[in-house]
Amino acid sequence: MALLEVEDLQVSFDTASGRIFALNGVSFSLERGEVLALLGESGSGKSVTASAIMDLVPNPPGAIDRGSIRFDGAELLQLSRKERRDLCGSRIALIFQDALAALNPVYPVGWQIAEMYRIHGRNPEGGVEKAVIDLLTAIGIPDPERRARQYPHEFSGGMRQRIMIAMAVALEPDVIIADEPTTALDVTIQAQVVDLLATIRKRSDAGMIFITHDLGVVAELADRVAVMYAGRIVETANVFELFEDARHPYSVGLLASQPRLDTDDDELVPIPGSAPNPVALPSGCAFRTRCPRAEGLCAEVIPPLETVGPGRQAACHFPVSPA
Amino acid sequence: MNQPLLKVENLSRHFGSGATPVRAVDDVSFEIARGETLGLVGESGCGKTSLVRTLLKLGPATSGSAVLDGVEITKASGRELHELRRKMQVVFQDPYQSLNPRMRIDRLISEPWALHPGAVPKARWREETVKLLESVGLRAEHADRYPSEFSGGQRQRLGIARALTLNPTLLVCDEPVSALDVSVQAQVVNLLARLRRERNLAMLFVAHDLAVVRHVSDRVMVMYLGKIIETGPKQSIFSAPAHPYTQALMSAVPTPDPRLRGHRKRIVLEGDLPSPANPPSGCRFRTRCWKATSICADQEPGLTARTTAPGLLTACHHADPETTR
Amino acid sequence: MTDTSAEFLPARERRGPRIFWLLRALAGDPMAVAAAIWLLIVVLAIFTDSLSLLGDNRISLKARNLPPFDFGQSWTLWLGADALGRPLLVRLIQAASTTIGIAVVTVLSSLIGGTLLGVIAGYFGGIVGNLIMRICDIILGFPTLLVALFGLYLFGPSVSNLVIVLAITRMPAYIRVARAETLEVRERLFVDAARVFGGGPAWILRTHILPSVAPTMLTLASVNLAMVMLFESGLSYLGLGIQPPSVSWGLMVAQGQGYLSSAWWLGFFPGLAVMLTTMSFNLLANWFRIVNDPSQHWRLVSRRR
């Protein structure tokens, strides 16, 4: 049994121009010790997936219409608010993209990390204070005793993101969800944070869901990748397979449009058009309007996510053939 | 004609007064030739935005000069400044913020013409608007819509169309694609490259994304804490960077190839950017540099030519190959 | 948390002329509909008054302190009559035009004056801006009622003096809000863009700042309409506002006070009119605020569902 299993998840939001479906039947599973990257562009539904797991979908206007999220055998969507809260933070943790917004400006960071223990009534060996200092040391904050007493604004962006990570791993959760944790950071700082996350995954057997739009970070960190487009998963594959021979035309396009530091082609190959308006998704396959392989069938039938090789799936009527 | 289009000399922009002003831009000199694209790379807080704002006359220069096509930008005012604006335009980073949400596209596009009577006669505004929209890959009917009806990539196309209304000779692109999705980012990069060829535009392309800069630039300039620490032709700077910071910056960019994971030599810098109000003495990078010695604290290195790659200028005491690792 | 719903904001929410869209949005809020209906009645009342469509308003000794709801009488007497036998309904309608008229003129003057001063203070800052803000502080430093009482005592109670005094005491609120909004809009990238195109201060204020500040200011004005009405009622009640034989709702409440035990309707109906009208203004102001804030639109939408 997988550690976390999401099945046929549908999330919708009310807007002034109608109901939009942020997630349209998303299914995936996460094993212990595995890093699964949810790769997608803005509006693909990757962040909503995290919100749904963490019970953070604002209701109204949002609602989880159907589907199931099973964690360690228990159905999360049937738990009470209180039970969900107890799970979140202790066994499922979230690392936010914007650490400055996620940290409370009026409390010292040490206090905020300690809060994790207090909320969940944990009493770490050697006391909360020692645990906080140990954590800060582990995530590479120099002079932790002094730094623990400082406020979020006294830390740089990279340091704050480390503190967010410390808060997330404080209670040794089984699942860590990282929602674009490096997007707001400069490359040199991003490299530090990616290294830290890599260390954490080596040290614990937690499963990690890594949400990002950055193919480079995926290549550095992920074991498996689920590519999302317009509220659906369009391809899942082992990270090596995805970068070597992607099957879904969208994945292929994404890889081709990424400018690279190690090559020197003058023309990039973009995907034509832009992401569809979620209020009026194209019929059939949502990607067909931008797809070079689209045919009549694509407008009529939504392609299901089907197995296209050992351990990999793609949702396409005319997948790219193996390289 | 060998006169550069833009010649910046010893330009500084300090914020605050007193003993320790924040030296956002400190004694910066560079040139851009007609039709050339200069990439400016640096992390947040390095001063690239302040440099851009000073060049665009959105803030005053503290000292130094910047001459565009024979006109001193830092001293221009009134009529002269108004004329100068026609030659130099900008594409801003955030396509959601740079278009007034309450104005229709046709009004947005023609705003510059309203401000510069004589640029395009009013009777031809509609025609010219449509031409511009089409040249950036949009359609005529888009003129009657509002910015909120466009996606991020389309808005950035609108931003580019607006920047071209007055036919500038220099286009400053301030992180034009960093707010866009990868698949769309490539469209905008290609669009800029095409417009540049068609109109012989000179560009100052500011970005933190090295890969994008590599694709669009002829020459590249790297900034750190208000200083230019390395500059040179694209080939030289990307194939043989001599400054430790440039090397670290390049090695930090994750390569979209999982096979290289763990096999690549990576320089992970320690610590964070020091405060620009109180920069380290001597070389500003020395506090994070693995090569730093006592000379770095005492003497500020100047930009000097390197023999390893043609045209490369590096501000480092230890940039020569024998001292590299 | 990243704003997940913003990621899905639709490209277009207003199709067709703005008035249709506004009506559709109004339908989503029943309280606002009720408020709008009441205000419509008040506006109709003002029209009938100004067109002299009302009949009898003479003193009639027969009808002195006639109680309300005597439907055998002529319709003008359905809400009873006052101590001089004047029909209360007609008096209420006449008072409506004074009360609302004073409120609207006052609010318009403080809205226009306050917005201009506030935008100037916000955009230019410096000495002028500081001067404007210090004057605001001084006005705000005194209790509004005291300033009004003092002003009206000095210059004598008249409709125009009342409007001037009320407008000046309300103006600092507009100046402060307009200044704060301007400070925010001034830093927006589209203002920088206009400057790069060569737009001067006048152009930027006219094309970019004023239209961006306007919705907030209009919302503030709609809230203030109610406040000014209450204020005028209070001053009239104290004898410093509207002078007889002119009439306003506040004055009617004051005059009715003496008869509270014998003829309750004299104070009750004008009081009710003040309450319903202020409440309607407030409800509509709230609705207006939501309509002008795209992030709140879902409130209107999901209620309709």
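Proteins get letters first, then strands, A, B, ... in listed order; numbering begins at 1 in each.
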Next on the checklist: Let's go through Arg261(B) and Val239(A) carefully: what are the C-alpha distance in whole Å and the side-chain angles of both, what is the deciding distance for side chain to side chain contact (heavy atoms under 4.5 Å, CB included) to 0.1 Å, and is it a yes or a no?
Outcome noted: CA-CA 11 Å; Arg261(B) 190 190 291 179; Val239(A) 67; 3.8 Å; yes
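- The CD atom of Glu43(B) sits 6.0 Å away from atom CD1 of Ile189(A), with the distance rounded to the nearest 0.5 Å.
- Considering only heavy atoms from C-beta on, Pro256(B) comes within 4.5 Å of Arg260(A) through its side chain.
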Next on the checklist: Set out, in order, the CA-CA distance, both residues' side-chain angles and the distance that settles side chain to side chain contact (heavy atoms under 4.5 Å, CB included) for His208(B) and Val187(A), then state yes or no.
Outcome noted: CA-CA 8 Å; His208(B) 66 268; Val187(A) 263; 5.9 Å; no
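- If you run side-chain contact (heavy atoms from CB on, under 4.5 Å) between Ser257(A) and each of Val182(B), Val189(B), Val184(B), Asn190(B), only Val182(B) comes through.
- Chain B forms the most heavy-atom pairs under 4.5 Å with one residue out of Ala222(A), Gly158(A), Gly253(A), and that residue is Ala222(A).
- Put simply, OG on Ser274(A) and CZ on Arg157(B) are 8.5 Å apart, with the number rounded to the nearest 0.5 Å.
- Of the listed residues Pro272(A), Ala191(A), Pro259(A), Ala256(A), the one with more heavy-atom pairs under 4.5 angstrom with chain B than any other is Pro259(A).
- Interface residue Val268(B): only side-chain heavy atoms are found under 4.5 Å from chain A.
- Distance check: Met250(B) CE to Leu261(A) CG gives 6.0 Å after rounding to the nearest 0.5 Å.
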Next on the checklist: Does Glu244(A) form a side chain to side chain contact (heavy atoms under 4.5 Å, CB included) with Arg259(B)? I'd like the steps, not just the answer.
Outcome noted: CA-CA 10 Å; Glu244(A) 264 162 48; Arg259(B) 284 168 308 181; 3.4 Å; yes
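- Contacts between Leu185(A) and chain B at a heavy-atom distance below 4.5 Å are absent for every atom of the residue.
- There is no contact between Arg194(B) and chain A, counting heavy-atom distances below 4.5 Å.
- A side-chain N or O of Ser183(B) and one of Glu41(A) form a donor-acceptor pair less than 3.5 Å apart.
- With values rounded to the nearest 0.5 angstrom, Asp186(A) atom CG is found 8.5 Å from Leu249(B) atom CG.
- Residue Asp257(B) holds its CG atom at 11.5 Å from CG of Leu215(A), rounded to the nearest 0.5 Å.
- Of the listed residues Gly157(A), Gly140(A), Gly273(A), the one with more heavy-atom pairs under 4.5 angstrom with chain B than any other is Gly273(A).
- Listed here is the closest heavy atom pair of Phe243(A) and Pro258(B): CG-CD, 3.3 Å.
- Leu273(B) CG to Thr188(A) OG1: the interatomic distance, rounded to the nearest 0.5 Å, is 8.0 Å.
- With contacts defined as side-chain heavy-atom distances shorter than 4.5 Å, the pair Gln190(A)/Pro254(B) qualifies.
- For Ser44(B), the parts lying under 4.5 angstrom from a heavy atom of chain A are both the backbone and the side chain.
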